[in-house]
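Everything below concerns the one structure shown next.
Numbering of ligands and ligand atoms starts at 1, following listing order. Along the sequence shown, residues carry numbers from 1.
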Amino acid sequence: MTEIRLPEMGLVVLVGVSGSGKSHFARRHFRETQVVSSDRCRAMVADDENDQSATGDAFALLHHIVRTRLRRGLLTVVDATNVQAGPRRQLLQIAKECDVLSVAIVLDVPESVAVARNAARADRDLPDHVVPRQRRELRRGLRSLQGREFKRAYVLNGVEEIDAATVVYEKAW
Ligand code: CTP
Ligand code: MG
């Protein structure tokens with residue numbers, strides 16, 4: 001069982017393809033107000049969580065909320081795919097500006113699981129190529145994510161490991 005050790009205050013970045021269970025995981029382990037979701041931000045600026053034309057505005061809003069919360073000393077969890085290095089870098093830069101630690105939690109599920117879950121969702125209508133592409137992007141970034149990018153990175157492999165993980169908070173890092 002993986003015990004995810006987090007600082008009481010800092011940035012937590014969830015990483016995983018669509019359907020990997022990030023929002024589910026966030027709901028289970030964190031308070032609603034601690035979680036900043038790119039989908040929620042997209043809905044707030046576009047009335048539609050799937051409006052891709054709103055991505056730039058949605059992430060500007062997400063970054064603003066993350067920066068504000070970190071500056072105010074609040075633990076902040078980013079619920080977005082974060083499979084690409086560019087978006088992760090922007091979040092890491094904000095954490096650095098605010099002088100707080102960054103932890104990644106990677107939810108790595110088999111492609112078949114993500115695809116089957118997404119197919120059953122009323123809120124998602126993803127083209128077939130999206131999940132495989134996101135998985136390739138994730139694979140490519142896994143090593144630097146665990147090495148250079150984050151102070152700590154937890155990689156949870158498969159549904160059982162994800163479901164069994166627990167979160168504890170540590171004062172000293
Ligand atoms: N789900 C599930 N069992 C889990 C985790 C998720 O049945 N252990 C279901 C959720 O109820 C949801 C779907 O799988 O209907 C996708 O999970 P979600 O947490 O929404 O995935 P995300 O990674 O947040 O996907 P996205 O990036 O598209 O927001
Ligand atoms: Mg989600």
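Below 3.5 Å of separation, one finds no N or O of Gly16 facing any N or O of ligand 1. Ligand 1 has a nitrogen or oxygen under 3.5 angstrom from a nitrogen or oxygen of Arg124. In terms of polar-atom proximity, Ser23 is counted as a contact of ligand 1, with an N or O under 3.5 Å from an N or O of the ligand. Taking only nitrogen or oxygen atoms, main chain and side chain alike, Phe25 does not reach within less than 3.5 Å of ligand 1. Ligand 1 has no nitrogen or oxygen under 3.5 angstrom from a nitrogen or oxygen of Thr81.
For atom 25 (O) of ligand 1, the nearest non-hydrogen atom of the protein is Gly19 N, 3.0 Å. Protein heavy atom at the shortest distance from atom 18 (P) of ligand 1 is Gly21 CA, 3.7 Å. Counting protein heavy atoms only, atom 27 (O) of ligand 1 is closest to Lys22 NZ, 2.7 Å. With respect to atom 19 (O) of ligand 1, the closest heavy atom belonging to the protein is His24 N, 2.8 Å. The protein atom (non-hydrogen) at minimum distance from atom 28 (O) of ligand 1 is Ser18 OG, 2.5 Å.
Arg121 is listed as a side-chain neighbour of Ser18, based on a closest heavy-atom distance under 4.5 Å. By the 4.5 Å heavy-atom criterion applied to side chains, Arg135 and Val83 are not counted as neighbours. Residues Val13 and Leu92 have side chains not in contact (no heavy-atom distance under 4.5 Å, counting atoms from C-beta outward). Side-chain contact between Leu6 and Phe30 is present, with heavy atoms from C-beta onward closer than 4.5 Å. Between Val66 and His63 the shortest side-chain heavy-atom distance does not fall below 4.5 Å. Proximity of Val113 to Arg117: side-chain heavy atoms (C-beta onward) are separated by under 4.5 Å at one or more points.
Of all heavy-atom pairs spanning Arg67 and Ile94, the tightest one is NH2-CG1, 3.5 Å.
Close contacts between ligand 1 and Val17 involve ligand atoms 23 (O) [criterion: under 4.0 Å to a heavy atom]. Close approach to Asp39 involves these atoms of ligand 1, each under 4.0 Å from a residue heavy atom: 29 (O).
Checked by atom type and distance alone, the side chain of Asn82 never pairs as donor or acceptor with a backbone atom of Arg88 at under 3.5 Å.
Residue Ile105 holds its CD1 atom at 11.0 Å from CD1 of Ile162, rounded to the nearest 0.5 Å.
Using a 4.0 Å cut-off between heavy atoms, Asp163 contacts ligand 1 through its side chain alone, with no backbone atom that close. Residue contacts with ligand 1, taken as heavy atom pairs separated by less than 4.0 Å, involve Arg117 solely via side-chain atoms from C-beta onward. With a 4.0 Å cut-off on non-hydrogen atoms, Leu107 does not touch ligand 1 at all.
Protein heavy atoms come within 4.0 Å of atom 6 (C) of ligand 1. For atom 11 (O) of ligand 1, no protein heavy-atom neighbour is present inside the 4.0 Å cut-off.
The pair Glu32-Arg40 does not meet the salt-bridge criterion, since no charged nitrogen lies less than 4.0 angstrom from a carboxylate oxygen. Taking 4.0 Å as the cut-off between side-chain N and carboxylate O, Asp79 and Arg27 do not count as a salt-bridged pair.
For residue Ser37, no N/O/S atom approaches the Mg ion (ligand 2) to within less than 2.8 Å.
Of the listed residues (Gln134, Glu160, Arg28, Arg121), the one carrying the non-hydrogen atom nearest atom 20 (O) of ligand 1 is Arg121.
Partner Arg42 forms a side chain to side chain donor-acceptor pair (under 3.5 Å) with one of Asp51, Thr55, Asp47 and no other, that one being Thr55.
Not a single heavy atom of Leu14 sits closer than 4.0 Å to an atom of ligand 1.
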